[in-house]
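Take a look at the structure set out below.
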Amino acid sequence: MKRNNMCPFCYIRQLFMKKKPTSVRPTFDDYPAGTALTPPMGWSSWNTFANRINEKLILDTAKAMKDKGLLDAGYRYVNLDDCWQSSLRTETGELVADYETFPHGLPYLVKEVNKLGFKLGAYTSNGTLTCEDLPASLHREQVDANTLAKWGIEYFKYDFCHHEYLSKNAPLIYSISISKFDGHPIEYSVQNAVLSGLAKYMTDTKLPSGQYVSGLDSNLGAITYNNIEADEAGKYVLTINIKKSGQFAKFLVAKVNDKDEYEIEFPDQKKFNVTARFQVIVELNAGKNTIKLFNPITSKADSEMYQYRRMGYALKRATERVAKEEGRAEKPITFSICEWGWGKPYNWGAKAGNLWRTTPDIKPIWPWIKLIYGHTVKLYKFSGVGHYNDPDMLEVGNGKLTYNQNISHFSLWCMMNAPLVLGNDIRDMSEQVREIVTNKALIAINQDPLCKAAKRVKKGTVDILAKPLADGSTAVCFFNKSSHGAKAKFDLGKLLDDNYIAMKKQQSYTAKEQWTGEEVTTSGMLEVSLEKCASKVFVVK
């Protein structure tokens, strides 16, 4: 970490701190569940069509989804992935659909898809460009959120290409000022503030106050102003007055009245002058207010959480505003965090959105699908109502996957509470694939309102997963990971003392296999014989 004018003693002290500073993410409330009270179900354009999408293809796909029973099975979203947008923005800076491939624009497509009973989803990236180098939303979150909400988009996938991280470094502050847009600011020197952590006063006679504060980097310290006066409640301009230092970016959060947070990014600073001013609009109460200034970024994961959360709440503000302006009920946008799993988004995803990718992109390659499963199944505790681990879209019906592999792939995603987002060509879908992805019993397991993801209760050649259901029953999945046939058995009694599964003791159990409808009665032992790559899923009562 750069010293960034930190006092020498403080810099040495932080290098040897036994307890490193932690981020502030646990203090955030969970992101609203919205319409994602169970895992989202739909279709996405990317796996099969990549950049070869157009208006007719999307409408034909939506019609095929309805004709083939996918709407009745619960699939609601028709999602445009990358390449729906033009490389241009409008003159007012808004996103716009590709003028050739989507000539009528997305508002038209929303209406046509809605008529069929579906909801339209869209995509950009948490970067300066999308993965296909088209306009993205980093630094333009509220503008783009407003556009999506105005169009009626109801699902939003936010990728991670061309991403830029927030700095762990904070600016060197010598004062702040508050004004009511009237050119009569009230200035508050840092000498009027309370310092905490490694925040320290430093001397510089070139500054108006003669002092500034350093030591705010990486959540190591904070400045708190406890007596900020406002004549009336409302919006005010908060100006951060800084000493220029260091040609590197900096970041700061202003937390007002221990409630609302406002982010301020500071670019590289050229030293033509000693000082600079950066502003943000804040809400103050009438009377005394508290403003705390700090930099919460201790890692790349913290940066990702703040940036994804920034877009999530921009979407929330946008849908609320559109509903108010149009005098109708809000149309929430289900927010999909596509961060690829690098920053362990399961640790913070519930604070920022509705679902989060646990791994890099899926492919219709069986060993890769098994790797994605093996990583995601361990994260079961992070899944819950409105917030889901996302092992990426389904490849059922794609590539050279066998029937057993398609069955297992779909079974595992249903058991793990994963979003069921199809990625095949629905127009050309075989009857066999259609029967797999519309299996009512498996979908019911995935859409169970308890929303507890399956726990792997036995690992081996045959993995065994158990998922508690809202009616008190338990779904049990046997998954043969090998390339040869295998037999397995499991004593249900082992689930009685498992606090997560909380299975109820019975004299005997009825176990119904959800693919074949076969029923068995047992005093506790379940036994199966599985073909290679095959799965069986039982609901045990």
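Sequential numbering from 1 along the given sequence is applied to the chain's residues.
Within 6.0 Å of atom CG in Asp231, 12 or fewer heavy atoms from other residues, nucleotides or ligands are found, so the atom counts as exposed in its surroundings. For Lys180, the NZ atom counts as densely surrounded, since its 6.0 Å shell holds more than 12 non-hydrogen atoms of other residues, nucleotides or ligands. Crowding of Phe181 atom CZ: a count of heavy atoms from other residues, nucleotides or ligands under 6.0 Å exceeding 12.
For the residue pair Asn289 and Asn257, a side-chain donor N or O sits within less than 3.5 Å of a side-chain acceptor on the partner. Ser175 and Asn241 are linked by a side-chain donor-acceptor pair at a separation below 3.5 angstrom, with hydrogens and angles left out of the test. Looking only at atom types and distance, the side chain of Asp133 has a donor-acceptor partner in the side chain of His162 under 3.5 Å away. The closest side-chain donor-acceptor pair between Thr376 and Thr358 falls under 3.5 angstrom. Defined by atom type and a distance below 3.5 Å, a donor-acceptor pair is present between the side-chain atoms of Asp82 and Thr130. For the residue pair Ser137 and Asp144, a side-chain donor N or O sits within less than 3.5 Å of a side-chain acceptor on the partner. Side-chain polar atoms of Trp348 and Asp302 form no donor-acceptor pair below 3.5 angstrom. For the residue pair Thr38/Gln447, the side-chain donor-acceptor check at 3.5 Å is satisfied. In this model, a donor atom of one side chain and an acceptor atom of the other lie less than 3.5 Å apart for Trp356 and Asn389. Lys271 and Gln247 share no side-chain donor-acceptor pair at under 3.5 Å. Remark: the Asn5 side chain and the Tyr212 side chain contain an N/O donor-acceptor pair separated by less than 3.5 Å.
For the side-chain contact (heavy atoms from CB on, under 4.5 Å) test with Asn398, the passing option among Asn47, Ile362, Asp425 is Asn47; the others fail. Paired with Cys338 under the rule side-chain contact (heavy atoms from CB on, under 4.5 Å), one option of Asp159, Asp81, Leu355 passes, and it is Asp159. Of the residues listed (Thr298, Asn295, Asn4), the one engaging Asp217 in a side-chain hydrogen bond (donor to acceptor under 3.5 Å, both in side chains) is Asn4, and it is the only one.
Residues Ala136 and Ser125 share a closest heavy-atom pair of CB-O, 3.4 Å. Heavy-atom minimum distance, Gly353 versus Ile337: N-CD1, 3.7 Å. Contact detail for Asn146 and Ala318: the closest heavy-atom pair is OD1-CB, 3.4 Å. Contact between Gly312 and Tyr31 at its shortest, heavy atoms only, is O-OH, 2.7 Å. Of all heavy-atom pairs spanning Tyr99 and Leu88, the tightest one is CE1-CD1, 4.2 Å.
A salt bridge is defined here as a Lys NZ or Arg NE, NH1 or NH2 lying under 4.0 Å from an Asp or Glu carboxylate O, and Lys235 with Glu283 meets this definition. Using a cutoff of 4.0 Å between basic side-chain nitrogens and carboxylate oxygens, Glu320 and Lys316 are scored as salt-bridged. A salt bridge is absent between Arg357 and Glu339; no separation between the charged side-chain nitrogens and carboxylate oxygens falls under 4.0 Å. The pair Lys150-Glu94 counts as a salt bridge, with a side-chain nitrogen and a carboxylate oxygen less than 4.0 angstrom apart. Contact check on Asp448 versus Lys452 returns no salt bridge, with no Lys/Arg side-chain nitrogen under 4.0 Å from an Asp/Glu carboxylate oxygen. Comment: Glu187 does not engage Arg277 in a salt bridge, judged by the lack of any side-chain N to carboxylate O separation of less than 4.0 angstrom.
The cationic atom of Lys292 (NZ for Lys, CZ for Arg) lies less than 6.0 Å from the six-membered ring centre of Phe294 and within 45° of the ring axis. Under a cutoff of 6.0 Å and an axis angle of 45°, Lys157 and Tyr123 do not form a cation-pi pair.
Aromatic pair Phe156/Tyr158: centroids less than 6.0 angstrom apart. Ring to ring, Tyr155 and Phe118 are not that close: their centroids are 6.0 angstrom or more apart. Ring pair Phe382/Tyr346: centre-to-centre distance below 6.0 Å. Not less than 6.0 angstrom separates the ring centroid of His375 from the ring centroid of Tyr373.
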Could you walk me through whether Thr334 and Glu154 pass the side-chain contact (heavy atoms from CB on, under 4.5 Å) test, one step at a time? CA-CA 6 Å; Thr334 297; Glu154 294 182 76; over 6 Å; no

CA sep, side-chain torsions, deciding dist, call: Leu80, Leu109, side-chain contact (heavy atoms from CB on, under 4.5 Å): CA-CA 11 Å; Leu80 304 174; Leu109 198 58; 4.0 Å; yes

Run Glu263 and Phe251 through side-chain contact (heavy atoms from CB on, under 4.5 Å) and show every step you take. CA-CA 8 Å; Glu263 300 174 27; Phe251 179 68; 3.8 Å; yes

Are Leu238 and Ile240 close enough, and set up right, to give a side-chain contact (heavy atoms from CB on, under 4.5 Å), and what steps lead you there? CA-CA 7 Å; Leu238 167 62; Ile240 310 295; 4.0 Å; yes

Before giving the answer on salt bridge (Lys or Arg N to Asp or Glu O under 4.0 Å), spell out for Arg317 and Glu330 the whole-Å C-alpha distance, their side-chain angles and the decisive distance to 0.1 Å. CA-CA 10 Å; Arg317 286 189 294 271; Glu330 182 185 358; over 6 Å; no

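The closest donor-acceptor contact from the side chain of Ser218 to the backbone of Leu220 lies at 3.5 Å or more, if one exists at all.
Relative ring orientation between His163 and Tyr165 is described as perpendicular, the plane-to-plane angle rising above 60° on a 0-90° scale split at 30° and 60°. Taking the six-membered ring for Trp and thresholds of 30 and 60 degrees, His409 and Trp413 have ring planes more than 60 degrees apart, a perpendicular arrangement. Between Tyr308 and Phe335, the angle of the ring planes lies from 30° to 60°, which puts this pair in the tilted group.
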